[in-house]
Amino acid sequence: MALEHAILVSLTERAGSGYELARRFDRSIGYFWPATHQQIYRVLRRMDDAGWVTHTDVAQDGRPDKKVYEVSPAGRDELTRWLAEPVDPAILRDGLGVKLRGASLGDTAAVLREVERHRAEHSTRLEIYRGIQRRDFPQSDSSGADKLNGRELHQYLVLRGGVRAEESFVAWCDEVIQAMRSEGTR
């Protein structure tokens with residue numbers, strides 16, 4: 001997948017300026033397809049040149065005009081084409097796993113600290129996802145997909161995938177921490 005497709009999905013949900021898109025990425029879609037603000041602006045220009053998006057200049061008081069982007073018919077065609085294309089399953093590339101595998105070759109306590117740090121990061125991200133779920137889908141619990149449909153259902157299912165992945169990673173870190181401490185690593 002290219003960033004272009006993530007932007008097309010986001011703009012299909014709601015038109016917006018580059019700044020507004022970057023904020024959306026910071027709060028939602030960027031958890032699943034991260035991009036910097038600079039990347040978003042650069043790709044928007046490329047998409048505009050390709051005819052996948054159009055923009056309207058909106059005057060602002062005391063600031064430069066902003067460009068509000070929306071998906072063009074050509075962009076919708078590209079999104080339709082891309083949605084029908086198969087996507088390879090994600091391949092896990094995890095430096096922490098490699099460090100853990102080689103822990104006995106070096107400072108196991110340092111590797112344990114790194115596992116604890118990763119656990120804390122994933123736990124924080126899990127709470128963020130759960131907060132988004134409470135905010136955006138208050139009527140749904142983890143089995144509440146049957147109450148949703150269309151775009152709302154699809155957004156919810158992606159979010160649930162993130163929740164489940166983070167729950168799994170936190171649980172794995174807990175298992176690693178317990179096992180390493182049991183063997184005497186501190």
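Treat the numbers as computed from the prediction; the structure is a model and nothing was measured.
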Those residues that, when tested against E127, pass side chain to side chain donor-acceptor pair (under 3.5 Å) (two or more places apart) | R130
Can you list the residues that meet the side chain to side chain donor-acceptor pair (under 3.5 Å) rule with T185, with sequence neighbours excluded?
->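 Partners of T185 by the side chain to side chain donor-acceptor pair (under 3.5 Å) criterion, ordered by chain and then number, come out as E183.
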Judged by atom type as modelled, is there a donor-acceptor pair below 3.5 Å linking the side chain of [X] to the main-chain atoms of [Y]?
X    : Y    : result
Q133 : F137 : no
S72  : W52  : yes
S182 : Q178 : yes
T108 : A103 : no
E166 : V163 : no
T12  : L8   : yes

Is R113 salt-bridged to E116, going by a charged N under 4.0 Å from an acidic O?
->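 No salt bridge links R113 with E116.
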Could you tell me whether R81 and E85 make a salt bridge, using a distance below 4.0 angstrom between a side-chain N and a carboxylate O?
-> yes
Could you state the interatomic distance from [atom1] ([X]) to [atom2] ([Y]), rounded to the nearest 0.5 Å?
X    : Y   : atom1 : atom2 : result
Q38  : I40 : CD    : CD1   : 9.0 Å
E114 : K99 : CD    : NZ    : 5.0 Å
T54  : E70 : OG1   : CD    : 4.5 Å
I7   : Q39 : CD1   : CD    : 9.0 Å

What pairs with Y31 under ring pair (Phe, Tyr, Trp, His ring centres under 6.0 Å), at least two apart in sequence or on another chain?
->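 Result, ring pair (Phe, Tyr, Trp, His ring centres under 6.0 Å) vs Y31: Y129.
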For H122, all residues meeting ring pair (Phe, Tyr, Trp, His ring centres under 6.0 Å), sequence neighbours excluded = F169
Do L3 and W33 pass the side chain to side chain contact (heavy atoms under 4.5 Å, CB included) test, and can you show the C-alpha distance, the side-chain angles, and the key distance before you say yes or no?
-> CA-CA 8 Å; L3 177 55; W33 196 265; 3.9 Å; yes
Salt bridge (Lys or Arg N to Asp or Glu O under 4.0 Å) contacts in which one or both residues fall within residues 9-28, not counting sequence neighbours | E20-K66
Compare every heavy atom of [Y] with every heavy atom of [X], then report the nearest pair and how far apart it is.
X    : Y    : value
V111 : L100 : CG1-CA, 4.0 Å
V158 : F32  : O-CZ, 3.4 Å
D48  : V53  : OD1-O, 3.2 Å
V170 : R119 : CG1-NH2, 3.5 Å
D65  : A59  : OD1-CA, 3.3 Å
Y41  : G18  : OH-C, 3.4 Å

Would you please test E78 and H5 for side chain to side chain donor-acceptor pair (under 3.5 Å) and show each step?
-> CA-CA 8 Å; E78 170 55 23; H5 298 107; 2.7 Å; yes
Tell me, please, which residues at least two apart from S168 pass side-chain contact (heavy atoms from CB on, under 4.5 Å).
-> none
